[in-house]
Amino acid sequence: MEILSTMYTFFVIVIIILSTSLNAIICYIIKKKVKVIELPNLFILSISTSDIIHVLIGLVSELLVLHKIVLTKKSNVCTGAAFLTFFITVSNSLQIVAISVMRMVALKFPFFYIKYCKTKKFRTILLCFCYMYGLMWASFPLLGWSTYEEDLDYKRCSLDWNLTQPDSLSYLLFVFLFCYILPVIMLILAYSLTKKTVVNQSIFKKDQPLKQREILERVYIKLFLWSAVAYFVVWTPYAGATLLSILSIKVPSLIFTICALFAKVSAILNALTNCYMNKYFRKHLRKINVIGYFIRNIKDTASS
């Protein structure tokens with residue numbers, strides 16, 4: 001058991017370091033290198049900032065509870081970490097969906113996108129809605145609808161998967177519907193509409209040169225695909241394990257711990273799928289002196 005706790009702590013620390021580093025670089029590039037912050041970049045900046053807060057406060061608090069620096073798992077620190085984690089998870093998921101939908105709108109209805117979606121008012125309202133949506137679902141357990149309890153592997157606080165409260169089942173069913181299934185459906189729908197638009201050679205074929213249009217389409221399709229895959233891969237194991245628990249099907253503690261760790265990787269995958277797999281972002285990345293020097297050394301080593 002001690003070995004498992006040590007390994008778990010090691011992986012969480014690795015996630016904290018990688019997520020903080022990658023997302024801090026994203027925030028720096030968007031703030032300092034990108035001259036005009038478009039709607040997708042604004043949401044990427046928001047997601048990266050949220051992920052930094054999540055890992056530095058939520059995951060660090062989790063480690064404090066795990067190693068009994070905070071003596072009780074029912075403390076305000078444990079509950080606060082669970083609240084922060086769920087709040088940021090839901091709001092970030094909705095922001096990923098918003099980015100995907102806006103990319104679809106930009107391709108399918110470019111004039112509507114330019115006229116309405118690029119305005120400061122629209123961006124502010126949409127971003128606030130994503131955060132209010134996450135805050136609403138994270139606040140319900142604090143207001144009496146279900147509660148925050150120890151997770152199934154007793155390593156952190158989370159939602160009441162053990163159904164210790166009579167109303168926890170109804171809350172968790174609504175959480176599955178509106179915080180997992182609905183975002184998945186919207187991602188699939190946005191991807192399908194975008195792919196159909198590209199296949200049918202929509203308005204971009206008329207208004208832009210062939211080369212520029214093809215590059216834009218490939219970038220959007222790739223980002224859609226990776227966002228959807230990352231969402232499925234990261235959250236499905238955790239969602240499946242918790243669903244089995246709700247159905248009174250016992251999940252081994254080790255399996256659930258692995259699923260929980262896998263879900264935490266979302267703080268890294270958000271950065272990778274939305275930025276580091278985008279070649280336009282990588283161009284800005286190479287302009288940072290230290291990173292550019294490191295990349296050149298790798299290329300020189302590979303060619304020699």
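- Side-chain contact check for I246 versus L169: some heavy-atom pair is nearer than 4.5 Å.
- Among the candidates V251, I258, T257, the single residue satisfying the side-chain contact (heavy atoms from CB on, under 4.5 Å) test with D153 is T257.
- Between E62 and K155 the shortest heavy-atom distance is CG-O, 4.0 Å.
- Side-chain contact between F83 and L135 is present, with at least one heavy-atom pair separated by less than 4.5 Å.
- Inter-residue side-chain proximity for V90 and L94 is flagged as unmet; no heavy-atom pair is nearer than 4.5 Å.
- With a 4.5 Å cut-off on side-chain heavy atoms, F256 and T242 count as touching.
- A donor atom on one side chain and an acceptor atom on the other are not found under 3.5 Å apart for Y180 and S93.
- Note that CG of D151 is 9.0 Å distant from OG of S245, once rounded to the nearest 0.5 Å.
- Residues I249 and L163 fall within the same hydrophobic cluster, defined by Ile, Leu, Val, Met, Phe, Trp and Tyr side chains chained together at heavy-atom separations under 4.5 Å.
- Between F174 and C179 the shortest side-chain heavy-atom distance does not fall below 4.5 Å.
- Looking at N23, its side chain does come within 3.5 Å of a backbone N or O of A267 through a donor-acceptor pair.
- Shown here for V55 and S19, the closest heavy-atom pair between the two residues is CG1-OG, 3.7 Å.
- To the nearest 0.5 angstrom, I53 atom CD1 is 11.0 Å from S48 atom OG.
- Pairs passing the side-chain hydrogen bond (donor to acceptor under 3.5 Å, both in side chains) check and including a residue from residues 161-175, sequence neighbours excluded, read W145-S170, S146-S168, S158-W161, D160-T164, D160-S168, W161-Y238.
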Item to check | Residues I26, L45; criterion side chain to side chain contact (heavy atoms under 4.5 Å, CB included); working and verdict | outcome: CA-CA 7 Å; I26 290 173; L45 179 63; 5.9 Å; no
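- Ring pair F112/Y116 is tilted by interplanar angle, where 30° to 60° counts as tilted.
- S46 meets the side-chain hydrogen bond (donor to acceptor under 3.5 Å, both in side chains) test with Q95, Y131; sequence neighbours excluded.
- Once rounded to the nearest 0.5 Å, the distance linking CD1 of I88 with OG of S50 reads 5.5 Å.
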Next on the checklist: Run the side chain to side chain contact (heavy atoms under 4.5 Å, CB included) test on L142 and T79 for me, step by step, so that the C-alpha distance in whole Å, both residues' side-chain angles and the decisive distance to 0.1 Å come before the verdict.
Outcome noted: CA-CA 9 Å; L142 300 179; T79 301; 4.0 Å; yes
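- Under a hydrophobic-cluster definition in which Ile, Leu, Val, Met, Phe, Trp and Tyr are linked whenever side-chain heavy atoms come within less than 4.5 Å, directly or via other members, I96 and I125 are assigned to different clusters.
- Using a 4.5 Å heavy-atom threshold, the side chains of M136 and F178 count as separate.
- Heavy atoms only, all atoms of each residue included: A98 and C130 are closest at CB-SG, 4.4 Å.
- Atom CZ of F176 has more than 12 heavy atoms from other residues, nucleotides or ligands within 6.0 Å.
- Put simply, V97 and L177 are part of the same group of oily side chains (I, L, V, M, F, W, Y) that touch within less than 4.5 Å, one to the next.
- Looking at every heavy atom in both residues, I52 comes nearest to A24 through CD1-N, 3.7 Å.
- Across every non-hydrogen atom of L84 and H54, the tightest pair is CD2-CA, 4.5 Å.
- Of the possible donor and acceptor atoms, none in the side chain of T236 sits under 3.5 Å from a partner among the backbone N and O of V233.
- Remark: the backbone N or O of A82 is not paired with any side-chain donor or acceptor of T85 at under 3.5 angstrom.
- When the side chains of ILVMFWY residues are joined at heavy-atom separations under 4.5 Å, either directly or via intervening members, I268 and F10 end up in a single hydrophobic cluster.
- Remark: side-chain polar atoms of S266 are paired, donor with acceptor, to backbone N or O of A263 under 3.5 angstrom.
- Using a 4.5 Å heavy-atom cutoff, the side chains of I15 and V265 are in contact.
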Checklist entry - Can you list the steps and then say if I99 with M102 is a side chain to side chain contact (heavy atoms under 4.5 Å, CB included)? => result CA-CA 5 Å; I99 293 173; M102 288 302 102; 5.9 Å; no
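- What you find for Y148 and A138 is that their closest heavy atoms are OH-O, 2.6 Å.
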